[in-house]
Structures are given as structure tokens and as C-alpha cells.
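Residue numbers run from 1 in the order of the sequence given. One-based numbering, in listed order, for ligands and for the atoms of each.
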Amino acid sequence: MKFKGADILSTKLFARNDIEKVMRVAGRMEPFASKRKLSDILQGKILAALFYEPSTRTRLSFETAMLRLGGRVITVPAMETSSLTKGETLFDTGKMVQNYADVIAMRHPKEGSVTEMAEGADISVINAGDGPGQHPTQALLDMYTIRKEQGKIDGLTIAMAGDLKFGRTVHSLCYLLAHYKVKLIFVSPKELKMPVNVCEFLKKKGVKFSVESDFDKVIKSGVDVLYCTRIQKERFENEKEYLKLKGVFVLNKKKALTGKKTMTIMHALPRIDEIATDVDSLQNAAYFRQARNGVAVRMALLALVLGKA
Ligand code: NCD
């Protein structure tokens with residue numbers, strides 16, 4: 001894929017080469033992400049950060065990535081302060097924002113919304129999460145984290161647990177992992193299963209996966225990576241349904257120690273009650289390092305789409 005000027009809307013469009021390229025460039029960005037070196041390769045470039053849904057990590061790491069590479073950031077503070085509430089379409093907003101910025105990072109509660117804006121804007125639009133749909137930059141930083149923690153991706157058994165129905169991070173991650181020789185295990189309550197379209201894609205690609213409901217058993221089976229997810233409260237139609245499923249899988253230190261000694265524990269964060277704080281002290285609790293990796297990976301993506309990598 002040609003990165004320069006591209007929209008990053010979904011991981012479905014990534015080939016193995018593209019994933020490797022992002023990881024390679026992210027590796028080169030590490031000194032700048034950690035401030036060991038300074039860079040101004042994106043000087044003169046402007047990122048429009050349009051977050052119409054809550055965000056801490058994604059938004060701040062995008063902004064930091066841009067600023068630490070010498071670029072600048074403009075923003076609309078929230079949905080309520082944007083013209084969308086006056087009824088402007090995302091397409092039109094995209095047409096406007098392209099006059100003010102060189103690249104857009106956008107998050108919105110509706111699946112497909114980022115694509116609508118991308119159709120209006122001629123500059124690169126990066127999906128920072130579209131409802132229960134996709135979250136490609138998170139999945140790329142997840143791949144980067146797995147590689148860094150485990151030293152490889154091929155050959156691993158990776159379990160994804162929790163809200164696999166509404167969890168956009170795991171949807172995006174599956175499409176990327178489909179290019180590697182991995183075994184996937186999906187652990188969720190039956191109400192929150194991995195969507196059929198993702199499973200169909202994996203089948204077509206010949207990726208081995210199994211569907212389980214016993215969290216403890218999966219940990220004991222010796223998986224290499226355990227990726228926990230938050231039950232996506234905001235996607236439920238009624239609160240009662242959410243409360244029924246909240247807290248289904250809780251990982252604590254005792255449980256984590258029943259797993260493989262080298263099991264990498266991941267979570268896109270925020271965590272609610274999926275991972276107890278006593279897990280944090282384990283060497284293989286990788287979720288805070290995972291969040292940190294977001295800066296280097298988003299630096300890589302910004303540099304690539306702006307043709308400056
Ligand atoms: C995730 C998201 O927004 O989808 N968070 C993130 O970007 N780090 C996961 C979540 O909200 O549960």
C-alpha cells in the first residue's frame with residue numbers, strides 16, 4: 001500500500017508488508033518518542049484531532065507524536081462545540097478541515113463515520129476509533145507490543161478475552177494477526193462473541209481459532225499472550241444487560257500466575273475491573289508499556305501518511 005496521502009480507516013486493507021513497514025518505522029521513532037533525540041521532520045504540518053467520543057491515550061499520544069516531530073495540532077474540544085450539532089454532515093466537515101490541516105485523526109461513536117469524513121477530505125484521515133467498528137492505530141501498536149514483548153509474532157498462541165462483540169481493538173487486531181502464523185483463542189460470554197465477519201475473514205485466511213467461555217481454563221492452557229478487554233458499557237442498549245456482564249472475567253495476580261511464565265498480559269486500557277492492580281507488578285504485565293508504544297507507532301503513521309518517513 002502507498003502510505004503517502006492514504007486514509008487509515010481499517011486494518012482489513014493492510015498486507016503483511018505494510019504492517020512490517022509501520023513497525024520498522026516505529027522502531028526508528030523510539031528515540032524521539034522517548035525524548036532521547038529531537039526531531040522536526042513534521043515541521044510546518046498540522047494535525048486536526050477530531051475526537052467526538054471520549055479518549056485519553058489515543059488522543060494524547062497522537063498529539064504528542066505530532067508535537068515531538070515538530071508539527072502542530074488543532075482541535076475541536078468536543079462534539080458539543082462542533083458544527084456537527086448544527087447538522088453539518090461529516091462529509092462537509094471533512095471538506096472544511098482539509099483547508100486547515102494536513103492530516104486528520106478522528107474518533108466518533110458511529111461505525112463508518114470516519115469513512116464518511118474521509119470521503120469529503122482530500123487529506124489523510126486516520127481512524128482513531130469508530131464506534132464498535134475499527135481502531136487500526138491501536139491494533140498496530142498492539143502488534144508492535146507483541147513483537148517487542150515476545151520477540152516474534154509467528155508461532156504464538158494469542159487469547160482475546162472479554163467484550164469481543166463491541167471491542168473495536170480486537171476486531172482490528174484480528175485482521176492484522178491474520179497475516180501471521182498464529183493460533184487465536186476467543187474467550188467471551190455468549191452475548192459478546194467475536195462478530196461473524198471477523199471469524200469469516202480468519203477462516204478465509206486459514207487462521208486457526210477456537211471459541212471458549214472458560215477464562216481460567218484458557219489461562220492455564222499456556223497461551224503466550226492474554227489480551228483482556230473492557231466490557232464496552234457505552235455500546236449497550238440497556239444498563240441492566242451491561243451490569244449482568246460486567247466483571248465476567250477478572251484477572252488477578254493469583255490467576256495470572258497459573259498461566260505460562262512468559263505470558264504477556266495486554267489491555268488497550270482503560271481497565272475497569274478486568275485486571276486487578278496486583279497484576280501490575282508482574283514483569284509480564286505489558287499494558288502500560290503498550291500504551292507508551294502508542295507514541296512511536298503514531299509517529300510512524302503520521303510520518304508515513306505525510307510522506308516524511
Ligand atoms: C480502547 C478504545 O477506545 O477502543 N481504548 C483505547 O483506545 N486505548 C479500548 C476501550 O475503550 O475499551
Side-chain angles (χ1 to χ4, degrees), residues 8-12 22 26 33 47 49-66 75 78-79 104-114 126-146 159-176 186-189 191-192 194-195 198 225-236 242 245-251 264-275 279-280 285-299 301-302:
I8 310 292
L9 301 175
S10 159
T11 51
K12 232 174 160 171
V22 173
L47 164 74
L50 305 179
F51 283 72
Y52 302 116
E53 201 186 56
S55 173
T56 303
R57 274 152 293 272
T58 306
R59 180 185 195 131
L60 291 181
S61 62
F62 256 117
E63 296 198 5
T64 295
M66 195 66 189
T75 191
M79 180 90 100
I104 297 172
M106 176 188 169
R107 171 174 288 189
H108 191 283
K110 200 177 98 215
E111 188 166 354
S113 54
V114 186
I126 305 178
N127 183 358
D130 64 328
Q134 281 256 341
H135 194 349
T137 66
Q138 177 70 42
L140 287 159
L141 79 88
D142 292 343
M143 295 293 281
Y144 187 74
T145 302
I146 295 171
M160 300 180 189
D163 188 347
L164 307 183
K165 178 180 178 190
F166 296 122
R168 56 193 174 199
T169 69
V170 285
H171 302 163
S172 288
L173 184 56
C174 282
Y175 290 120
L176 296 184
F186 299 144
V187 209
S188 74
E191 294 87 346
L192 299 175
M194 187 61 84
V198 179
V225 176
L226 177 64
Y227 191 118
C228 301
T229 65
R230 175 177 70 90
I231 308 292
Q232 308 280 298
K233 182 179 182 195
E234 64 275 37
R235 315 271 179 237
F236 282 78
Y242 164 71
L245 296 164
K246 181 182 174 288
V248 274
F249 300 151
V250 177
L251 183 72
T264 299
I265 302 165
M266 295 176 66
H267 192 303
L269 303 175
R271 63 173 154 183
I272 308 305
D273 47 15
E274 308 82 42
I275 301 183
V279 179
D280 299 357
Y287 30 94
F288 294 120
R289 293 193 289 278
Q290 183 182 355
R292 193 176 62 208
N293 290 336
V295 178
V297 171
R298 292 188 171 108
M299 278 180 167
L301 280 167
L302 288 169

Counting both backbone and side chain atoms, is some N or O of [X] under 3.5 Å from an N or O of ligand 1?
| X | result |
| --- | --- |
| P270 | no |
| T169 | no |
| T58 | yes |

Element-labelled atoms of ligand 1 that are located less than 4.0 Å from some non-hydrogen atom of [X]:
| X | value |
| --- | --- |
| L269 | 1 (C), 5 (N), 6 (C), 8 (N), 9 (C) |
| H135 | 2 (C), 4 (O), 6 (C), 7 (O) |
| R57 | 8 (N) |
| R107 | 3 (O), 7 (O) |
| Q138 | 6 (C), 7 (O), 8 (N) |

Give a yes or no on whether the backbone of [Y] and the side-chain of [X] come within a donor-acceptor separation of less than 3.5 Å.
| X | Y | value |
| --- | --- | --- |
| D163 | I231 | no |
| S113 | K110 | yes |
| Q134 | H171 | no |

**Asked** Non-hydrogen atoms of Q232 versus ligand 1: any pair closer than 4.0 Å?
**Response**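 It does, in that a heavy atom of Q232 comes within the 4.0 Å cut-off of ligand 1.
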Starting from atom 3 (O) of ligand 1, find the nearest protein heavy-atom neighbour and note its residue, name and distance.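 The closest one turns out to be R168 NH2, 2.9 Å.
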Among protein heavy atoms, which lies nearest atom 11 (O) of ligand 1, and at what distance?
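For atom 11 (O) of ligand 1, the nearest protein heavy atom comes out as R230 NH2, 2.9 Å.
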- Query: Salt bridge or not for R168 and E234, using N-O below 4.0 Å?
  - Reply: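 So R168 does not pair with E234 through a salt bridge.
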Side-chain touch R298/L141, heavy atoms, less than 4.5 angstrom:
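Side-chain contact under 4.5 Å: yes.
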query: Do F288 and D280 have side chains that get closer than 4.5 Å, going by heavy atoms?
result: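 Touching, per the 4.5 Å side-chain cut-off.
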Notebook entry, point to check: Is R107 positioned over the aromatic face of F51, cation under 6.0 angstrom from the ring centre and no more than 45 degrees off axis?
Noted result: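 So R107 doesn't make the cation-pi contact.
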Testing R271, R292, M266 one by one against Y287 for a side chain to side chain contact (heavy atoms under 4.5 Å, CB included), which residue passes?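 Only one option passes, and that is R271.
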